[in-house]
Amino acid sequence: MKRYDDALAAVKRALDRAYGPRKLRLWSLEADVFEARKDRASARHALEQALDYAKTLPPTGSHTKLRDALEKRAAKLR
């Protein structure tokens with residue numbers, strides 16, 4: 001539908017309310033929206049925010065796999 005601004009606003013609202021590994025998925029979604037807009041720099045920034053936040057989480061659960069996927073994705077955008 002290409003309603004990128006609406007999608008970004010929704011992600012920002014969700015990020016304000018989310019905590020823990022859910023935030024990683026939201027930053028990934030934000031990066032998806034920026035990539036759809038052809039804004040690679042902003043997508044990379046969203047992924048870097050996710051990775052910085054992931055470093056503060058304890059290394060348990062399935063979010064370690066998500067973190068690894070985010071690292072690979074960020075490396076492709078560099």
Side-chain angles (χ1 to χ4, degrees):
M1 293 174 57
K2 300 185 181 188
R3 293 174 44 192
Y4 304 124
D5 294 330
D6 292 339
L8 289 173
V11 169
K12 294 292 183 191
R13 284 192 310 271
L15 278 169
D16 290 341
R17 295 180 177 125
Y19 58 92
R22 288 176 184 92
K23 286 187 112 166
L24 301 179
R25 294 218 182 264
L26 290 170
W27 273 307
S28 178
L29 178 61
E30 184 179 40
D32 289 341
V33 174
F34 282 127
E35 284 188 73
R37 286 174 60 175
K38 309 288 189 237
D39 187 353
R40 291 174 55 94
S42 295
R44 184 175 53 245
H45 179 70
L47 293 173
E48 288 171 357
Q49 283 180 307
L51 292 172
D52 289 342
Y53 183 74
K55 291 175 186 173
T56 67
L57 297 174
T60 58
S62 64
H63 75 273
T64 55
K65 291 179 185 177
L66 177 59
R67 185 192 65 223
D68 293 342
L70 291 171
E71 286 175 352
K72 288 179 185 177
R73 190 170 165 198
K76 288 180 183 177
L77 290 174
R78 288 187 185 123

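In this text the structure is predicted, and so the values were computed from the model without any measurement.
The distance from atom NZ of Lys23 to atom CG of Asp16, rounded to the nearest 0.5 Å, is 7.5 Å. Note that CG of Leu66 and CH2 of Trp27 are 11.5 Å apart. Values are rounded to the nearest 0.5 Å. In this structure, CG on Leu15 lies 11.0 Å from CZ on Arg13, to the nearest 0.5 angstrom. With rounding to the nearest 0.5 angstrom, the CZ atom of Arg44 is 15.0 Å from the NZ atom of Lys76. Atoms CG and NE2, from Leu77 and His45 in turn, are 13.5 Å apart once rounded to the nearest 0.5 Å.
Residues Arg73 and Ser28 have side chains that bring a donor and an acceptor to within less than 3.5 angstrom of each other.
The two residues Leu57 and Gly20 come nearest to each other via the heavy atoms CD2-CA, 4.1 Å. In this structure, Ala50 and Leu70 approach most closely via the heavy-atom pair CB-CD1, 3.8 Å.
Ion pair Arg25/Asp32 not flagged as a salt bridge, since none of the NZ, NE, NH1 or NH2 atoms sits closer than 4.0 Å to an Asp/Glu carboxylate oxygen.
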For this session: Please assess Glu30 against Lys12 for the test side-chain contact (heavy atoms from CB on, under 4.5 Å), listing each intermediate value before the final yes or no.
Result: CA-CA 8 Å; Glu30 184 179 40; Lys12 294 292 183 191; 2.9 Å; yes
For this session: With side-chain contact (heavy atoms from CB on, under 4.5 Å) as the test, would you mind laying out the steps for Glu48 and Arg78 before giving the verdict?
Result: CA-CA 11 Å; Glu48 288 171 357; Arg78 288 187 185 123; 4.2 Å; yes
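Between Leu8 and Arg37 there is a side-chain heavy-atom pair separated by less than 4.5 Å.
Side-chain atoms of Tyr53 never come within 3.5 Å of backbone atoms of Pro21 as a donor-acceptor pair (strictly under, hydrogens ignored).
Both Val11 and Leu47 belong to a common hydrophobic cluster when Ile, Leu, Val, Met, Phe, Trp and Tyr are linked at side-chain heavy-atom distances under 4.5 angstrom. Taking hydrophobic clusters as Ile, Leu, Val, Met, Phe, Trp and Tyr residues chained together by side-chain heavy-atom distances below 4.5 Å, Leu24 does not share a cluster with Val33.
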